[in-house]
Novice: 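Below: one structure in structure tokens.
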Amino acid sequence: MSYQMPQPKSLPGKSYFILFTLRYLLRKMEISVGEAEKRTGKNSVNMQEIYTVYLIETRPVDAVTEGLIPAPDSLWRRYSEFELLRNYLLVTYPFVVVAPLPEKRAEIVWHKLSADNMDPDFVERRRVGLENFLLRLASHPVLCNDKIFYIFLTEADSRLKAMNAAFRVKNPDKRFTELKHYSDELQTVVSQLLRVQARVADRLYGVYKVHGNYGRVFSEWSAIEKEMGDGLQSAGHHMDAYAASVDDILEEEEHYADQLKEYLFYTEALRAVCRKHELTQFELEMAAQDLTSKKQQKEELVTGTVRTFSLKGMTSKLFGQETAEQREAKLQVLEQQIEEGEEAVKEKNTESNEFVKTAWVDIERFKDQKDRDLKEALISYAIMQISRCKKGIQVWTNAKECFNKM
Amino acid sequence: MSRTIDDVVSPTQTNTIPADISGQMLDLDEDDDFEVFSKDSTLADGSMFNASMQTSPGSMVNQCKFEEDEDGDSKDIFITVDNPESHVTAIETFITYRVLTKTTRSEFDNSEYEVRRRYQDFHWLKGKLEEAHSTLIVHPLPEKFVVKGMVERFNGDFIETRRKALHKFLNRIADHPILSCSEDFKVFLSAQAWELTTYKKQGPGFLSRMGETVRAVANSVRGVKNRPEEFTAIQEYVEDFSNKISSLDKVTQRIVKEQKEYLEELKEYGPTYTLWSGSEEELAEQLKGVAGCIERCCQETEEQVGHLSDTLVPVLHEYVLCAETLKAVLRRRDNIQAEFEAKNEALATKKVDRDAESSDLGFVWGSLLGKNPEEARHQRQERLDGEIEELKVEIDKLEDRVEWANNALKGDWVRWQRSMRGDLKSAFLSTAEKNVDYYEKCLAVWETFLLSQRTEPSEETDRDNTS
């Protein structure tokens, strides 16, 4: 069957074919992020959601040059999986400047129509960005050799899902996911609150300051009046005082805003903890997946069947089976690897559980602190408003008395 | 500069009129007045008197109350302007207002009248009153056109603002001891629409009015030479007052604008707290509480802005227009005096002419015509004498007119100052009261919230104690 490699809408001058060396069987590989599709499914808190998945296609360059154009290996991955990969690389290669991912949300919107992650233009731009990301990694001398990266590119989605199901630790996961949602929401809402509060304060400043003009005009007017003069003059002074009082008021508003800002910045720290959890979880899952893959390879070797369509399977079909000794040797290696793999999985599991336990203790502490602090902040805000109202009452009562004398 | 008009117009001067102008009026000989004001068309500042001046000021005043009554007890005429309605004709669309009058005054046939009037009619009335009483201060009408554009004419707020101003306009005239006796005023309040149209058509024709206007312009160009000190002082005051009141008008409108923008932002602020409460558990109640407080303060702010727009803004605007009216009144007074001065100068010139030796030209001309030079000179002198006598009579009338105009203005000036003070004082008082009320209400809102927060900790400690 004929297959047309989709052309990505990359930046001009960017080479579509990136060459890199690979420790394993292949020397060169083509990578592309060809398409995007919508999927529905249940998320970690068991709610229905719609998300976008992207098609990763890989094909060894060798096969093309030899005249064969086999279908590319392909798998679907969603944005969050790219995030997991990047986080893993950040931690594993701390000395490397790891390429960034494209925007998670449509943060900076040009036409203010919608900040919609489902918007086709946004999805398309993201697809290009993700492909760019992978190509960057693939062209990096150190990162391109990473095993996890390779698995990310080549191992099928369904296997990963199965692994997830077998090894997921249910409750903590949910809590961390909820926590991440909460911290995103908190960040969004507090940012918005601070923006509106700043605008409100700005307008309030305008109102108070214009009253200062009353002070000036009353004073000038009082000079040409006889009976009204005194009343106007003193009323003018009160208007000046009113206008001046806004400076203190705004200072207090700033102080309140700072208290909110602290929690805005805290959300970053919360997200860091969630990321760490995701990472340990990911490592656990990767280890588990590796183990399963090894077990499967062993099975294939033993039974002689080929499960998936892979180049390896094809080459063995084309070029014949190995000898019995070769097979036996391979089997022994595999069994060793399986034993090691099982140890690794156990270790990662423990690590993950420990992390969850200790992290959650601190998160509970943080939540209590946050509730206390913000409650106090809200009370102090109310006190601030009361003080402002009292000042207003005083000024206008005084002004009223002056007007009475007019 | 800081000397006020009150310093100049003091009650001790014999020329000034006390607050009720009536005293001065009665001093005038009624018969003379009848002559002066009904037959002689030159004594108004350039415009003909019409039916409204058939009766002399003296006799008119006899029909009116002398005392200025500010309180409602002795008020004998009540006018309301309300019920604006749209009228659509083939040519135009316009608004009419219902003018309801209740009165016990004897010159009215009925005790109640209900008529419909449009802005044009009010404008006509104002013109008539100013014609007849050029140096009295007539309260201003709302503006004829809206600066922003004609579309705004039929906007609800605009109509309501206009209605209130028209209501005030009529009531101010009703309160005025002289203006309220005007025949035009009476017709305005009582005549049916078609009657009014007929009535309006009376009076001097277009051409004669043009002629008078030209004269008025000529006088104003000439200028007044010996303006009494007190009127200069009034003029200076009016200049300053006009500047100050315009500034206040602008400042107040700016405050309204800033308050409205503040309100817009505040309206977004409350819902953000509500949004946040959706993400929280422990804090949800408080956040919703704060949101509620902000929303209630929004309502109070909206009310406060409304009050400012309804109470202070219109009054300031009215007095901006008043300042322009005052300037016009002072100009008209000046013109009256200018006309008098001009005639005086003409008299002096004629006298010089008469007393001079016969000019060569006259002698030559006379001899050309075959006249005896002696006879020619005598004829000329007789002619000039006649003219001088006529001028003297005219000048006497003009002098009376100047004096009458000055006294009218002085009296009305005192009256105007008093109403200005009353109006502005009450408008500012009302604004200050509303602001106090606004802050008190907001204070109550936040204090209630605070109370609800403060009680909770004690509940918690109770729970802790029992657990």
Side-chain angles (χ1 to χ4, degrees), chain A residues 181-182 185-186 189-190 192-193 195-197 199-200 202-204 206-211 213-214 216-218 220-221 223-229 231 235 367-368 370-371 374-375 378-379 381-386 388-404 406, chain B residues 1-2 4-7 236-237 240-241 243-245 247-248 250-252 254-255 257-259 261-266 268-269 272-273 275-276 278-283 286-287 289-290 293 297 421 424-425 428-429 431-436 438-440 442-443 445-447 449-450 453-454:
Chain A
H181 281 145
Y182 170 75
E185 278 171 16
L186 190 67
V189 82
V190 173
Q192 193 182 332
L193 190 68
R195 266 198 302 271
V196 180
Q197 193 218 8
R199 287 204 302 265
V200 167
D202 194 44
R203 290 288 164 218
L204 195 67
V207 170
Y208 274 78
K209 283 300 177 192
V210 179
H211 279 84
N213 286 331
Y214 269 155
R216 182 179 51 85
V217 181
F218 279 166
E220 288 169 11
W221 185 15
I224 61 169
E225 296 291 342
K226 207 178 188 195
E227 287 142 331
M228 298 206 289
K367 277 187 183 172
D368 285 339
K370 172 204 64 143
D371 287 339
L374 290 176
K375 186 172 171 180
L378 291 174
I379 287 176
Y381 185 74
I383 292 174
M384 227 167 69
Q385 297 307 310
I386 286 170
R388 181 169 79 88
C389 289
K390 282 188 176 161
K391 278 189 213 163
I393 290 171
Q394 190 180 50
V395 163
W396 285 105
T397 308
N398 290 340
K400 185 176 143 191
E401 272 170 36
C402 296
F403 289 137
N404 243 329
M406 260 167 79
Chain B
M1 199 37 228
S2 59
T4 67
I5 188 56
D6 293 356
D7 291 339
E236 282 170 4
Y237 171 85
D240 288 334
F241 177 80
N243 287 338
K244 297 312 150 217
I245 208 73
S247 297
L248 284 177
K250 286 197 200 112
V251 169
T252 311
R254 177 83 189 276
I255 288 177
K257 177 169 168 275
E258 295 282 340
Q259 276 282 63
E261 286 177 355
Y262 167 67
L263 184 62
E264 280 313 299
E265 299 296 348
L266 210 61
E268 269 190 53
Y269 191 40
T272 312
Y273 280 98
L275 183 67
W276 186 1
S279 305
E280 296 288 341
E281 286 163 16
E282 286 293 311
L283 283 175
Q286 272 127 307
L287 288 168
V290 170
C293 288
C297 287
R421 193 168 137 223
L424 291 177
K425 175 175 169 177
F428 280 115
L429 260 178
T431 303
E433 267 167 18
K434 182 62 195 171
N435 286 349
V436 170
Y438 163 72
Y439 278 114
E440 277 176 349
C442 289
L443 178 70
V445 163
W446 286 106
E447 275 183 339
F449 170 75
L450 202 64
Q453 297 309 301
R454 289 264 159 89

Novice: Would you say the rings of H211(A) and Y214(A) are close, in the sense that their centroids are separated by under 6.0 Å?
Specialist: yes
Novice: Using a cut-off of under 4.5 Å for heavy-atom pairs, which of E447(B), E280(B), E440(B), R254(B) has the most such pairs with chain A?
Specialist: E280(B)
Novice: Flag the pair Q197(A) / T272(B) as yes when at least one side-chain heavy-atom distance between them is below 4.5 Å, and no otherwise.
Specialist: no
Novice: What closest approach, in Å, do E258(B) and G206(A) show between heavy atoms, and which atom pair accounts for it?
Specialist: OE1-CA, 3.6 Å
Novice: Determine the option with the most heavy-atom pairs under 4.5 angstrom with chain B, choosing from K367(A), E220(A), Q394(A).
Specialist: E220(A)
Novice: Quick check on the interface: out of N398(A), L374(A), V210(A), who has the most heavy-atom pairs with chain B under 4.5 Å?
Specialist: V210(A)
Novice: Whether the side chain of K425(B) engages the backbone of N404(A) through a donor-acceptor N/O pair (distance < 3.5 Å, no angle test) should be reported.
Specialist: yes
Novice: Would you mind checking which part of V290(B) comes under 4.5 Å of any heavy atom in chain A, side chain (CB onward), backbone (N, CA, C, O), both or neither?
Specialist: side chain
Novice: Considering non-hydrogen atoms only, spot the tightest contact between Y273(B) and L378(A) and give its length.
Specialist: CE2-CD2, 3.9 Å
Novice: Using a cut-off of under 4.5 Å on heavy-atom pairs, state which of I379(A), T397(A), V217(A) scores highest against chain B.
Specialist: V217(A)
Novice: Which region of L424(B), side chain (C-beta onward) or backbone (N, CA, C, O), has a non-hydrogen atom less than 4.5 Å from a non-hydrogen atom of chain A, or is it both or neither?
Specialist: both
Novice: Could you measure the distance from the CE atom of M228(A) to the CZ atom of R421(B)? Nearest 0.5 Å is fine.
Specialist: 7.5 Å
Novice: Identify which of I245(B), L263(B), T252(B) forms the greatest number of heavy-atom pairs closer than 4.5 Å to chain A.
Specialist: T252(B)
Novice: Name the region of V190(A), side chain, backbone, both or neither, that has any atom closer than 4.5 Å to a heavy atom of chain B.
Specialist: side chain
Novice: Top residue by heavy-atom pair count (under 4.5 Å) with chain B, among E185(A), E401(A), Q385(A)?
Specialist: Q385(A)
Novice: Is there side-chain contact between L275(B) and Q192(A), with at least one heavy-atom pair below 4.5 Å?
Specialist: yes
Novice: Given the options E264(B), K250(B), Q259(B), which has more heavy-atom pairs under 4.5 Å with chain A than any of the others?
Specialist: Q259(B)
Novice: Identify the heavy atoms of F449(B) and A382(A) that sit nearest to each other, and give their distance.
Specialist: CD2-CB, 3.6 Å
Novice: Any idea which of Y438(B), Y269(B), F241(B) has the most non-hydrogen atom pairs under 4.5 angstrom with chain A?
Specialist: Y269(B)
Novice: Which atoms of R388(A) are under 4.5 Å from chain B, going by heavy atoms: the side chain, the backbone, both sets, or neither?
Specialist: both
